[in-house]
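Beneath this line is the structure, given in structure tokens, with notes to follow.
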Number of protein chains: 2
Amino acid sequence: MTVPISATAAQAHVSPLKVTPASPLFLREDEIRRGIELLYFGYTSMIRGADAILEAQGLGRAHHRSLYFIARRPGLSVGELISLLGITKQSLGRVLNDLGHRELVEQRVGVADRRQRLLTLTASGAALEARLFTELERSMARAYGEAGQQAVTGFWAVLMGLVPPADRPQVEALQS
Amino acid sequence: MTVPISATAAQAHVSPLKVTPASPLFLREDEIRRGIELLYFGYTSMIRGADAILEAQGLGRAHHRSLYFIARRPGLSVGELISLLGITKQSLGRVLNDLGHRELVEQRVGVADRRQRLLTLTASGAALEARLFTELERSMARAYGEAGQQAVTGFWAVLMGLVPPADRPQVEALQS
DNA sequence: GCAGATAAGTCAACATGACTGTCCCAATTT
DNA sequence: AAATTGGGACAGTCATGTTGACTTATCTGC
């Protein structure tokens, strides 16, 4: 964590970042397009920060996503990770093989169901994930700080609204 | 446009989508991770809707991005599009060749600078882009409507905060 | 007017990360 | 005992990105 865990950090910016506010006619095409574009540029800006670290390790974004979710939910099964990432078993297989051979991820046999392989990070895997997380966090914490607490709540609400209702429980479940 | 241009549309949902609000300690790791995850799932949920249309045309997401920005800024140059997409000339070249051969995009010689190739959509290109936009819009309009006008302003503020300040003018410039 | 810079296009080779289809094994469920 | 499920593997393909080098046309500064 590069950000102190204190309320004063949240108050570092007394005046939130000014953006043109949404108008009462906020479903007009212009305002829809503004959301599409900001979502595209915001998303790509955030993840770009981790790319240099990944490239130095010979890894890609697919590896990062797996590391991230294994860090977030230690002991999740291969099937759960496939479901979160929305990719096929074959696609994930190669990524997990890479991460296993580099000793960044370990598998244990499931306790309740011995067919399952439960995924955890090794010490070096956790260290790498922490470095990658710090990059994302730097970007996100700056954005949160500039926009302010109330804006963050709105940010979450719109993003959750983009997720099809059927998929929302899975996203909510990531919150501990 | 599938959404009526009227103030009543914005009031269709009287009670905004409830999400756990950001806490005063909104720079804690948990709340940063929540933003990272919602951004990932929200972004992928939004663009997934257009994939079926693209696949039926034998096109991919790279083609969609080009069509989108050419629709947004008709007459932009190849170099401007490269800058917006953040890819190389070679990568874009293949996409523009595809779109040209299918007669979805046209090039005109620049007026001020005859080295430039200014890009516009053909009638069929505009029709396809409109269908793709409608898919994104359906998702975004639902999210806006569920979250409410004030949330949308916060959504924009955080996303703009994610964009490095040096890149912000380019994003702002897309707004007409 | 000429030299150098710039906008765009192209060729070749390559990496990543997704896909499909098929087959297999072990463990669980019915 | 049979069917289903979780996971792994092989083979092939496709989309989309990369670097490097080269060409052509055009613009700009001296």
Side-chain angles (χ1 to χ4, degrees), chain A residues 40 43-44 47-48 50-70 75-102 105-120, chain B residues 40 43-44 47-48 50-70 75-102 105-120:
Chain A
Y40 171 70
Y43 177 73
T44 58
I47 62 175
R48 193 165 299 135
D51 286 351
I53 297 172
L54 287 166
E55 191 178 4
Q57 309 280 324
L59 301 175
R61 290 178 179 175
H63 302 93
H64 186 186
R65 287 194 289 272
S66 289
L67 287 173
Y68 180 92
F69 286 116
I70 297 170
L76 91 173
S77 70
V78 171
E80 288 167 340
L81 185 53
I82 285 171
S83 171
L84 278 172
L85 296 174
I87 61 176
T88 60
K89 184 172 57 167
Q90 293 79 357
S91 297
L92 180 60
R94 189 175 21 199
V95 172
L96 285 184
N97 279 337
D98 288 350
L99 295 174
H101 291 149
R102 290 169 145 85
V105 167
E106 280 179 340
Q107 303 195 352
R108 301 190 325 273
V109 170
V111 282
D113 185 336
R114 290 164 46 78
R115 291 172 304 182
Q116 293 184 331
R117 297 294 177 271
L118 307 185
L119 303 166
T120 52
Chain B
Y40 171 69
Y43 177 73
T44 58
I47 62 175
R48 193 163 301 134
D51 285 350
I53 297 172
L54 288 166
E55 192 179 3
Q57 310 279 323
L59 300 175
R61 290 177 180 175
H63 302 93
H64 187 186
R65 287 193 289 274
S66 288
L67 287 173
Y68 180 93
F69 285 116
I70 297 170
L76 91 173
S77 70
V78 171
E80 287 167 340
L81 185 52
I82 285 171
S83 172
L84 277 172
L85 295 174
I87 61 176
T88 60
K89 186 173 52 167
Q90 293 78 356
S91 297
L92 181 60
R94 187 173 21 197
V95 171
L96 286 184
N97 279 337
D98 288 349
L99 295 175
H101 291 148
R102 288 162 199 265
V105 166
E106 281 179 340
Q107 301 194 354
R108 303 191 324 273
V109 170
V111 280
D113 185 337
R114 292 168 43 79
R115 292 172 303 180
Q116 292 184 330
R117 297 296 176 270
L118 308 185
L119 303 166
T120 51

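Chain naming here is simple, since letters A, B, ... match the order of the sequence lines and numbering starts at 1 in each.
For the pair B/L96 CG and C/dA7 P, the interatomic distance rounds to 16 Å; values are reported in whole Å. We find that CG of B/L67 is positioned 12 Å from P of D/dT16, with the value rounded to whole Å. Following rounding to the nearest Å, A/I82 (CD1) and D/dG6 (P) show an atom-to-atom distance of 10 Å. Rounded to whole Å, the distance from NE2 on A/H101 to C1' on D/dA9 is 12 Å.
Within the 4.5 Å cutoff, no side-chain heavy atoms of B/T120 are placed close to those of B/V105.
For D/dT16, the OP1/OP2 oxygens have a side-chain nitrogen or oxygen of B/H63 closer than 4.0 Å.
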Q: For each nucleotide in nucleotides 17-23 of chain D, reading 5' to 3', give B when a protein heavy atom comes within less than 4.0 Å of its base, S when such contact involves only the sugar-phosphate, and - otherwise.
A: BBBBB--
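Scanning atom types as modelled, no donor and acceptor separated by under 3.5 angstrom connect the side chain of A/R115 and the base of C/dT28.
B/R117 contributes atom CZ, which lies 12.5 Å from atom CG of B/L96 (distance to the nearest 0.5 angstrom).
Computed from C1' positions of five pairs at each end, the angle between the two local axes of the helix from C/dG1-D/dC30 to C/dT30-D/dA1 equals 40°, rounded to 10 degrees.
Contacts between residues 106-114 of chain A and DNA chain C, defined by a heavy-atom separation under 4.0 Å, are made by A/D113, A/R114.
Taking the side chain of B/R117 as heavy atoms from C-beta on, and the options C/dT10, C/dG9, D/dA9, the nearest nucleotide is C/dG9.
Heavy-atom minimum distance, A/R102 versus A/L59: NE-CD2, 3.6 Å.
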